[in-house]
Amino acid sequence: MNALISGHDLCLFRGDKCLFDSLEFALNPGQLLIVEGSNGSGKTSLLRGIAGLLEFEQGEIHWEGNPLRGHYQAFRADLTWFAHKVGFKDDLNLLENLRFEQSLHSFDEGSVTAVLARLGLDLLTELPLRSLSAGQQRRVALARMLLSKGRVWMMDEPFTNLDSAGRSLVDAVLSEHLANGGSAIVATHQPLEIVGDVKRVSLS
Amino acid sequence: MMEVLSMGGYGSFVWSAYGLTIIVLAVCIIGGRMGHTKTINDVRRRIRTMEVKS
Amino acid sequence: MTDTAPPVPSLWSGFIGIVRRDILLAWKRPGDVLNPLFFFAMVSTLFPLALGPSSEQLGSIGPGVIWVAALLAALLSLNSLFVSDFEDGSLDQLLLSPQPLTVLALGKAIGHWIVSGLPLVVISPLIAISFHMPDQSIKVMAVTLFFGTLSLSLFGSIGAALTVGLHRGTALLSLLILPLAMPVLIFGARTVSLSTSDDAVSAGIYFLAAYCMLALTLAPFATAAALRISNE
Amino acid sequence: MWKFFHKLASPPHFYQFAGKVVPWFAFTAIACIGYGGYAGLFVAPADYQQGDAFRIIYVHVPAAYLSMMGYSIMAISAGIGLIWRIKLSHAVTAAAAPLGAWFTFLALATGSIWGKPMWGTWWEWGDPRLTSELLLLFLYIGYMALRASIDDIAKADKASAVLALVGAVNVPIIHYSVEWWSSLHQGPTLVREGGPGMVSDMLYPLLAMILGFTFLFGALLLGRVRTEVLFRERRAKWVREMLLDDGGTT
C-alpha cells in the first residue's frame, strides 16, 4: 500500500541559495512527519510546496501514489492548513468565520459547540476576532483543524503565541488525530511530546 | 540638390521623422549591444568571485 | 476517519459563501463602502464648480464627468480587494480549499461589485439630475453604469490579484487596469451623450453587455492564475 | 521538426543558434532598409494629394506594424511560457516588451509628425489609428511597470505573462471601440494609407521597409533574448564554461 503523500527529488532555491536538494519523504496514514531546521532553513517553504502554494524547482509530490499536479481537488479536500497567520477575518466573529469555512470545507456541525467548549472559546463567539488575544486566535485556528474532516493536517510552527496549557492542548489534539488514523506534517524547532508513529526530516 | 532636400516644402517634417527613426533604432541597437556586454562582464565577475570564495 | 476524501461543498455554496462574507465585511466596516461613493459624488461636483453653472454646457459634459468619476471610484476600492485576505492568511485558505479558485475569484469580484459598483449605479441619477441631464439619458446612464461597473470589477480583480503581494501596488493597479477600462469608458460615456441628443443608444448598450459577458467568463480564470502566482 | 523546437528551448542551444542567426537578420535588414529608404525618399513619385509629406509613411507604417507584431509575439510567448512552463519563452516576452514599446513610440511620433502638415495639429483625436497606438503604448508601459515591481524573476515572469494575455484579449476590443468612437463625429477625411491602390513605385519601397524593419526587429529581439538568457542562466554550468575558457564576447 503506497504512502498517503510522498515527495520525490524535491529541490528549491531562495534567490541564489539552495534551500534543499533531492529531498525525499513519505507519509503513511496515522503517521506524523516532523520537519526540523533552524529559522530560514526553508521549513515553511517545504510545507507550502507540498500543499501546492508554491512550485518546487524540481521534483514531484505524489498523493495516494499518483502525481499531484492536475488533480489537486481530492488532495485539498483532505488537507487542513494551520499556519503562522490565523486565516480568519478580524472583523467577523467566530461563528461567522466558521460559517464561511463551511462553504469551503465540509464540517460536522454537530460537534461545533463541543469543540469550542474544549478550546475554551465558547464564551467568545460574539466578539470580532480582532478583540481576541494572540493565544485565543491560535485556538480559533485549532478549531478549524478539529472541525474539519480532512485526514491530513499541515501545521507550521503550531506553538508560537501559545502558553504551556495551549502547548499541551496541541500535543493532545495531534495525538488524537494520529490515533484516529489521520496523518500530519508539522514544521517546528521545538520538541513535541507526541505518542505514535513519528518520522523526522531535518533541513540543515 | 537643394530642391530635393526641401521635399516640396515638407522637408522639415520628412527629415525630422526620418531623423527620429534613426535615433530610436540607434538607441535600440546600441542599448542592446551595451546591455549584452555589461551582462557578460557582470556574470564573469560573479563567477570569478564565486571561484575565489569556493 | 474514513479512508476516502470527505465530500466537497457544492460550487454554489462556495460562491455564495464568499459573496455573503464580503458583503458582511462591508456591512461591518461601512467606511469601505461609503468612501468611494462620497469620492464619486465629490468628483462629480468639482466640474460644475470649475466650469461654471451654465446648464447646456453641463448637460453636454455631464455623461463624461459622471463616467470618469465612477471609473475612478471603482478603481479606488479595487486595490484593497485581496490585500486584507493576503495579510490575515485567508488567501492561503482560499487557495488550499477544494473549491475551484475560479469560482471563488468570481465570488470576490461579484462581492466587490455589489459593494462598490451597485451603489454607484443607485446614486448616479442624483448626480445626473444635478447636471441637468434629460430623463431618458438618466435611465441610459444607469444601464451603462450597471454593465460598466461589473466589467470594471471583474477586470479590476485581475489587476488587484496581480498586485496583491506588492507593497506599493496602488498606483500600479490603475496603470494596469485603465487601458483595459478604456473600451468601457468609451462606450459608456459616448452612449449616454448620444442619448442626450436622443440618438440610437442600443448599439452602445449591447456592446457594454457583450463586454460584460466576456469579463464574466474570462476574468475569473486570469484572476485565479494571478492569485496563485502572487501568493507564492 | 518538433525535435528542432525542443532543442531550441534549451538555453545553451538557443544561445548558440541565436548568436549565428542575428548577423544574418541584421544584414538582410540593412539591405532592405537601405533600398526601401533610398527608393522611398528619392525614387517614388510624390503623392498627388500630400506631395512629398507622404514619404513619412515609409517609417510610420513599418513602426506601427512592428508595434502590433511586438505585442502579439509577447502574447504568444507568454501563453507558451504559462502553458508549457518553458522558461525561455518568458525571456522572449521580457525582451520583446521594451522593443515593442520603442517601436510604438516611434509609430506615434512619426504619425503625429505626418499629421501636422495634413491636419494642421500635432495630435488629431479624429484619427483612430493614432489613439489606439497610444493605448497600445499604455499596455506596454503597464506590462513593463508590473515586471519592474516584482523582484523574483520567476514570479515576475508568470504575473506579467498573465497581464500580457489579458492585454492581448483587449487589443482588438480597444481598437474596435476607438474606431467606433472616432466614427461618431465626422473627423477629417482620412488619407488612404498604402495598400494595393498605390503605384508600384510607391509600394515596393514600402514592402522593403516593412521587411527590413521586421528583420531588424528580429535581430534586436534575438540579441536581447540572448542577454536575458545569459542573465537568467548565470548560475548554470554552460555559462561558466563559455565565459571562462574563450574569454570572447560572443
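Labels below follow one simple rule: chain letters A, B, ... track the order of the sequence lines, proteins then strands, and each chain is numbered from 1.
For the atom pair Arg21(C) CZ and Ser103(A) OG, the distance stands at 8.5 Å (nearest 0.5 Å). Put simply, NZ on Lys28(C) and CG on Asn93(A) are 5.0 Å apart, with the number rounded to the nearest 0.5 Å.
Between Asp85(C) and Lys89(A), the closest side-chain pair of non-hydrogen atoms falls below 4.5 Å. Residues Arg48(A) and Asn231(C) meet the side-chain proximity criterion, which asks for heavy atoms closer than 4.5 Å. In this structure, Pro6(C) and Asp78(A) have side chains that are in contact, with non-hydrogen atoms separated by less than 4.5 Å.
Within residues 88-107 of chain C, the residues that have a heavy atom under 4.5 Å from a heavy atom of chain A are Asp88(C), Gly89(C), Ser90(C), Asp92(C), Gln93(C), Leu94(C), Leu95(C), Leu96(C), Ser97(C), Pro98(C), Gln99(C), Pro100(C), Leu104(C), listed by number.
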Checklist line | From CA spacing to verdict: salt bridge (charged side-chain N to carboxylate O under 4.0 Å, His left out), Asp91(A), Arg29(C) | finding: CA-CA 8 Å; Asp91(A) 300 329; Arg29(C) 192 180 279 278; 3.0 Å; yes
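Ranked by heavy-atom pairs under 4.5 Å with chain C, the first of Trp81(A), Tyr72(A), Phe100(A) is Phe100(A). Contact count versus chain A (heavy atoms, under 4.5 Å) is highest, among Ile16(C), Ile229(C), Leu24(C), Val8(C), for Leu24(C). Your options are Arg99(A), Glu96(A), Glu101(A), and the one with the most heavy-atom pairs under 4.5 Å with chain C is Glu96(A).
Interface remark: Ala83(A) contributes no atoms to any contact with chain C (heavy atom separation under 4.5 Å). Contacts of Phe88(A) with chain C are made by backbone atoms alone, with heavy-atom separations under 4.5 Å and no side-chain atom involved.
Heavy-atom contacts from other residues, nucleotides or ligands closer than 6.0 Å to CZ of Phe221(C) number 12 or fewer. Within a 6.0 Å radius of NE2 in His8(A), other residues, nucleotides and ligands contribute more than 12 heavy atoms.
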